[in-house]
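Report on the following structure.
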Amino acid sequence: QAVLEESGGGLVQTGGSLRLSCAGSGRAFPLAAVGWFRQAPGKDREFVAAVDYTGTATRYADSVKGRFTVSRDRAKNTVYLQMNALKPEDAALYYCAAGGRSSTLRHEYEYWGPGTQVSVSS
């Protein structure tokens, strides 16, 4: 089992930065891959970034490469998403999820947090 909760969302201006945190608990979390997804109004939930359980392998959606960085602090049971050079199209509800393998696909993740809102002013 795993329980995840996101934090760090808020309102930033275009070009600004924000760091999201995903705090995990439960036996499944330390060995789980963690993915970040986002969903804007009227759009499907889309993959953003993922990190494996060791924190050494990462992957990113093309839309965020070079701007976002996912990292993992295993000692703190926390995964971070550093977002730089934010654009209005980055505005969405951001979710973190834990699963058995690092993947871009939603169905590969078993456990999900409730989400944290990111707003970007234009």
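Residues that satisfy the side chain to side chain donor-acceptor pair (under 3.5 Å) test with Gln82, not counting sequence neighbours, are Asn84. In this structure, Gln117 has no side chain to side chain donor-acceptor pair (under 3.5 Å) partners at least two apart in sequence or on a different chain. Contacts of Ala40 classified as side-chain contact (heavy atoms from CB on, under 4.5 Å), with partners at least two apart in sequence or in another chain: Lys43, Ala92. With sequence neighbours excluded, the residues that form a side chain to side chain donor-acceptor pair (under 3.5 Å) with Lys65 are Asp62. With sequence neighbours excluded, no residue satisfies side chain to side chain donor-acceptor pair (under 3.5 Å) with Ser122.
The shortest heavy-atom contact between Val34 and Cys96 is CG1-CB, 4.3 Å. Considering all non-hydrogen atoms of both residues, Pro30 and Gly26 come closest at CD-O, 3.3 Å. Ala50 and Val70 get closest at one heavy-atom pair: O-CG1, 3.5 Å. When all heavy atoms are compared, the tightest approach of Ala98 to Phe29 is CB-CD1, 4.4 Å. Closest non-hydrogen pair, Val51 versus Gly55, comes out as CG2-CA, 3.5 Å.
No donor-acceptor pair closer than 3.5 Å links the side chain of Asp52 to the backbone N or O of Ala33.
In the hydrophobic clustering (ILVMFWY side chains linked at under 4.5 Å, chained through shared members), Leu11 stands by itself.
Applying the salt bridge (Lys or Arg N to Asp or Glu O under 4.0 Å) test to pairs two or more places apart or on separate chains, those with a residue in residues 26-40 are Arg38-Glu46, Arg38-Asp90. Residues in residues 99-112 take part in no side chain to side chain donor-acceptor pair (under 3.5 Å) pair, two or more places apart or across chains. Within the structure, every pair that satisfies the salt bridge (Lys or Arg N to Asp or Glu O under 4.0 Å) test and touches residues 68-88, not counting sequence neighbours, is listed here: Asp73-Lys76. Applying the ring-ring contact (aromatic ring centres under 6.0 Å, His included) rule to pairs touching residues 72-96 yields nothing, sequence neighbours excluded. Among pairs with a residue in residues 42-65, those fulfilling ring-ring contact (aromatic ring centres under 6.0 Å, His included) read Phe37-Phe47, at least two apart in sequence or across chains. Screening residues 6-16 for side chain to side chain donor-acceptor pair (under 3.5 Å), with sequence neighbours left out, gives no hits.
Clustering ILVMFWY residues whenever any of their side-chain heavy atoms sit less than 4.5 angstrom apart, transitively, puts Val64 in the very cluster that holds Val12.
Remark: Gln39 CD is packed, more than 12 non-hydrogen atoms of other residues, nucleotides or ligands lying under 6.0 Å away.
The structure places CZ of Phe68 at 9.0 Å from CG of Leu18, a figure rounded to the nearest 0.5 Å. Taken to the nearest 0.5 Å, the SG atom of Cys22 stands 10.0 Å off from the CG atom of Leu81.
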